Amino acid sequence: MQIEKIIKPVQTIVSMSAHLSHEHIPSYIGKSFADLLEYLQKNGAEPVGTPFISYLNLDDTGQPRDQLLEIEIGFPIDQEIPSTEKFQSYLLPSYQAVRTLYIGDYDDLSASYKELIAAIKQENGVFTFRSYEYFLTDASAPLDEQETMIELTYRLKRKDLLSS
């Protein structure tokens, strides 16, 4: 598996957030992407990048902390638009991450997460408990050919906290 370090630039985002059990995520994803695209069109904004799913309540192994997953589904867009109770539009600050391209069944991503966590530790980093997944193929692709870009955010350990 090839892993690369990146610094993601500031992006304008529109998104929806939810707390869901694992089995409800697939149906929520499809509806959310459709709702987001409709909201973009209504407000004169355009997507400028790949849609994403971000998991926000992960533990230090990259696995969910509890039964309900805290997820954000969104798009990078060309301009900030009004936020509502359902849709949030904001500037996502730049972040540091490690990423890899995973090809295969989406349900088999856990090994990739473990390798990305290990790469963060090799960089003297601390996983900041947030992942981004970008689906590069659509749902019609066979499971073993689906492409997902996985990014795990991290920060470097503070040198003044390191002990010998």
Side-chain angles (χ1 to χ4, degrees), residues 1-18 20 22 25-26 28-30 32-33 36-37 40 45-65 69-80 88-164:
M1 176 167 80
Q2 183 176 354
I3 295 175
E4 66 179 325
K5 295 185 305 182
I6 64 162
I7 296 178
K8 198 79 162 206
V10 173
Q11 301 175 84
T12 303
I13 300 294
V14 66
S15 69
M16 298 170 61
S17 299
L20 301 169
H22 185 73
I25 290 175
Y28 182 76
I29 290 171
S32 296
F33 282 146
L36 283 162
L37 286 170
L40 288 178
E46 294 287 330
V48 294
T50 307
F52 65 86
I53 298 176
S54 181
Y55 295 92
L56 297 112
N57 63 331
L58 302 177
D59 65 19
D60 59 359
T61 68
Q63 298 303 306
R65 288 186 191 189
L69 296 162
E70 183 179 348
I71 65 170
E72 177 184 23
I73 295 177
F75 285 91
I77 56 175
D78 63 347
Q79 61 183 312
E80 198 161 349
Q88 299 81 44
S89 179
Y90 64 94
L91 281 178
L92 176 65
S94 176
Y95 61 86
Q96 191 166 286
V98 290
R99 74 177 175 191
T100 192
L101 176 63
Y102 173 80
I103 300 173
D105 187 345
Y106 181 75
D107 286 335
D108 297 331
L109 290 175
S110 61
S112 295
Y113 269 74
K114 287 177 185 169
E115 288 190 46
L116 289 167
I117 296 282
I120 289 170
K121 289 178 181 173
Q122 287 177 341
E123 291 297 320
N124 197 32
V126 177
F127 176 46
T128 54
F129 311 113
R130 184 168 188 158
S131 71
Y132 291 91
E133 295 177 0
Y134 299 89
F135 301 109
L136 306 179
T137 50
D138 64 36
S140 66
L143 289 179
D144 62 342
E145 295 177 14
Q146 291 183 5
E147 297 182 358
T148 305
M149 181 66 70
I150 307 165
E151 293 178 356
L152 298 187
T153 62
Y154 74 98
R155 64 173 175 76
L156 294 176
K157 289 181 181 175
R158 287 182 35 192
K159 289 182 175 146
D160 59 338
L161 297 179
L162 298 177
S163 57
S164 40

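Bear in mind the structure is a predicted one, so any value in this text is a computation, not a measurement.
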Those residues that, when tested against [X], pass side chain to side chain donor-acceptor pair (under 3.5 Å) (two or more places apart):
| X | value |
| --- | --- |
| E4 | R99 |
| E72 | S15, Y90, R130 |
| T100 | none |
| E123 | K5 |

Say you draw a straight line from [atom1] of [X] to [atom2] of [Y]; how long is it, rounded to the nearest 0.5 Å?
| X | Y | atom1 | atom2 | value |
| --- | --- | --- | --- | --- |
| L36 | I73 | CG | CD1 | 7.5 Å |
| T148 | L136 | OG1 | CG | 7.0 Å |
| L40 | Q79 | CG | CD | 9.5 Å |
| L116 | Y102 | CG | OH | 12.5 Å |
| M149 | L101 | CE | CG | 5.0 Å |
| L58 | E70 | CG | CD | 9.5 Å |

Exercise. Which residue pairs satisfy the salt bridge (Lys or Arg N to Asp or Glu O under 4.0 Å) criterion with at least one member in residues 45-61, sequence neighbours excluded?
Worked result: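 For residues 45-61, and leaving out neighbouring residues, there are no salt bridge (Lys or Arg N to Asp or Glu O under 4.0 Å) pairs at all.
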
Exercise. Excluding sequence neighbours, so at least two apart, what forms salt bridge (charged side-chain N to carboxylate O under 4.0 Å, His left out) with K8?
Worked result: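 Salt bridge (charged side-chain N to carboxylate O under 4.0 Å, His left out) list for K8, sorted by chain: E151.
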
For this session: Would you indicate whether the side-chain heavy atoms of Y113 and T61 approach each other to under 4.5 Å?
Result: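 SC-SC contact between T61 and Y113 ruled out.
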
For this session: Please work out whether the ring planes of Y95 and Y132 are parallel, tilted or perpendicular, with thresholds of 30° and 60°.
Result: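 Rings of Y95 and Y132: parallel, under 30°.
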
Exercise. Got a sec: does the CG of L91 have more than 12 other heavy atoms crowding it under 6.0 Å?
Worked result: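 Enclosed.
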
